[in-house]
Amino acid sequence: MEGQQMFNELKEIRRGRGLKADDLHERVGLSLRTACGVTDIDHPALVRRKIILRLTKLSAKLPSDLHLAATVALGLHPDAAGEFLDQRVAWLANTYDRDPRTARRRVDNAFKILAELLYDAGMRDRKSGSYSPDGWYVESLRGFLRLDQDLPTLTEERRIIAAVDDLDELILSMSAPRHPEIGDEFKIRAEMVYGGEIVAEEQVSSSHSRFVVRLPAPLTLGQAHNYSIEFTTYPRHWMRPYYVFTPLRRCEEFSVRVRYGANRAPKHVWRISGLPSKAYEDFVPGDDALTVDRLGDISLEFHDLQQGLSYGLQWLED
C-alpha cells in the first residue's frame, strides 16, 4: 500500500516540467514529503532542493536504462528538455529506438523501484536523522588508523553528497585527545591525498584542529564527490586508546581498520557502537570483544549511524 501511494505521488510530480515545475511544492504528496524530509515550514525552494537531492541519489541506484528513464521523466536529464512529459518521453523513445509506449513502460518500471527505495530511505531517516549542515552529508567513510609507526596516521576516504548547489568547500574537524601536560611540539597535521586542497587550518585547542578544503570544482545539488585526507598526530603512547567517529551530520556507512602491528597488538579490544559522546572515557572493557588478527590488524563496519552517537573501537594497552 505504501509503495503504491509513493508510486502515484511520483507520477504526479513528473507531469509538466517535472521537478523544474514552479508549483512543485504544491504537488508533493505526504509519502514523498516524509521520505524526502520535507516539513510544513520549508519554503518552495527548499522543498525542491530536498526532493531533487533524494531522487537524484536514489535513482543512481537503478540499472542504467531505468536510471535514464527516471531522470528524463522527472526533468533532471540535461539533454531531455521539454515543457511536457510527452516531449521528454518522445526523446527517451528515440534514445531507446523504441516506440513511446515502450518508453513510458520503462519509466513506470523505474518509478516502481524508486518508490520502494524512497520508502526504505524514509524509514531509515526516521531512525538515524538526516541533518546536513554546511550543505553536504557523508554517504560513506572509510578510516585506516596506523599505530605501527613512530607517528600514527589516520587516512580517511569519504564519499560525500552535496545538499546544495555550488558547494565549493568543506570544513573538516579532527580531534586527538592527549594528556594536558604534553607540550605543543606535536599537533594535528593534515594532507590531502586526493579530491581537494587544504586552503586554511585552525588549531582550536591542543587536541582539536579544523581544516578548510577547497574542492576541485563546485558540486551541484545531489552530486557525489570522493576525497581522501591523511592526518598525522603524535606518538602512540600519548594518545587515548580509542578511535571513534561521532557523526554530527548524516552518515550512512562507516568502516574502520586499525593496524597495531603484529608485536604491539593489545590483548583487549572492544567495539563502541552508538554510545553517547564521551561515555567511552571510563575505559572499562565492553561486552562486544574483538579479535586482532595475526598481522596486528582489526576491522569493523557500521551502518545507518545516528547523529551525536559514537562508533568505533577501544582497547587496553599492556
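Below, each value reflects all heavy atoms present in this structure, side chains not excepted, and no hydrogens, waters or symmetry copies. Throughout, residue positions are numbered sequentially from 1 according to the sequence presented.
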Item checked: Stacked cation flag R106 on Y96, 6.0 angstrom / 45 deg -> yes
Note to self: Could you check whether R271 makes a cation-pi contact with F302, meaning its NZ or CZ is under 6.0 Å from the centre of the six-membered ring and within 45° of the ring axis?
What the structure shows: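 Output yes; distance and angle both within limits.
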Nearest 0.5 Å, what's the [atom1]-[atom2] distance between [X] and [Y]?
X	Y	atom1	atom2	result
R146	D297	CZ	CG	9.0 Å
T246	L305	OG1	CG	9.5 Å
L118	C36	CG	SG	5.5 Å

Next item on the list: Indicate whether the side chain of Q87 and that of E83 have a donor and an acceptor atom separated by less than 3.5 Å.
Entry: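 No - no donor-acceptor pair under 3.5 Å links their side chains.
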Notebook entry, point to check: Going by atom types alone, do E12 and N8 pair a side-chain donor with an acceptor below 3.5 Å?
Noted result: no
So, [X] side chain and [Y] main chain: donor-acceptor pair closer than 3.5 Å or not?
X	Y	answer
T34	L30	yes
R14	L74	no
D99	T102	yes
S228	E156	yes
E9	S31	yes
D165	L221	yes
R210	S173	no
R48	A21	yes

Notebook entry, point to check: Taking the six-membered ring for Trp, are F254 and Y243 parallel (under 30°), tilted (30 to 60°) or perpendicular (over 60°)?
Noted result: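 Ring orientation of F254 relative to Y243: perpendicular.
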Next item on the list: Using the six-membered ring wherever Trp is involved, compare the ring planes of F7 and F111 and label them parallel, tilted or perpendicular (cut-offs 30° and 60°).
Entry: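 Judged by the thresholds at 30° and 60°, the geometry between F7 and F111 is perpendicular.
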Are any non-hydrogen side-chain atoms of [X] and [Y] less than 4.5 angstrom apart?
X	Y	result
V199	V213	no
L170	V212	no
L172	Y227	yes
V292	Y260	yes
R54	K50	no
K61	L117	yes
L92	P100	no
Y194	I229	no

Next item on the list: May I ask you to check whether W91 and H77 place their ring centers less than 6.0 Å from one another?
Entry: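 Yes; H77 has its ring centre under 6.0 Å from that of W91.
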Check: Less than 4.0 Å between a side-chain N and a carboxylate O, is that true for E252 and K57?
Finding: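 The answer is yes: the pair qualifies as a salt bridge.
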Check: Under a 4.0 Å N-O cut-off, is there an ion pair linking D108 with K112?
Finding: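 Result for this pair is no, no salt bridge flagged.
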Decide whether [X] and [Y] are clustered together by the hydrophobic rule: side chain heavy atoms of Ile, Leu, Val, Met, Phe, Trp, Tyr closer than 4.5 Å, transitively.
X	Y	result
L141	M174	yes
L85	V107	no
L10	V89	no
V256	F144	no
F211	L154	yes

Give a yes or no on whether [X] atom [atom1] has more than 12 heavy-atom contacts from other residues, nucleotides or ligands under 6.0 Å away.
X	atom1	value
R264	CZ	yes
D293	CG	yes
D79	CG	yes
R104	CZ	yes

Checklist line | Pair T71-S59, side chain to side chain donor-acceptor pair (under 3.5 Å): steps then yes or no | finding: CA-CA 7 Å; T71 54; S59 63; over 6 Å; no
Margin query: Is there a side-chain contact (heavy atoms from CB on, under 4.5 Å) between R257 and I298? Walk through the geometry before answering.
Written below: CA-CA 6 Å; R257 174 177 293 274; I298 194 168; over 6 Å; no
Note to self: Quick one, I13 with L55, criterion side-chain contact (heavy atoms from CB on, under 4.5 Å). Give me CA distance, side-chain angles, the key distance, then yes/no.
What the structure shows: CA-CA 12 Å; I13 64 170; L55 292 182; 4.0 Å; yes
Checklist line | Check against salt bridge (charged side-chain N to carboxylate O under 4.0 Å, His left out), E169 and R214 | finding: CA-CA 4 Å; E169 70 176 26; R214 182 170 59 193; over 6 Å; no
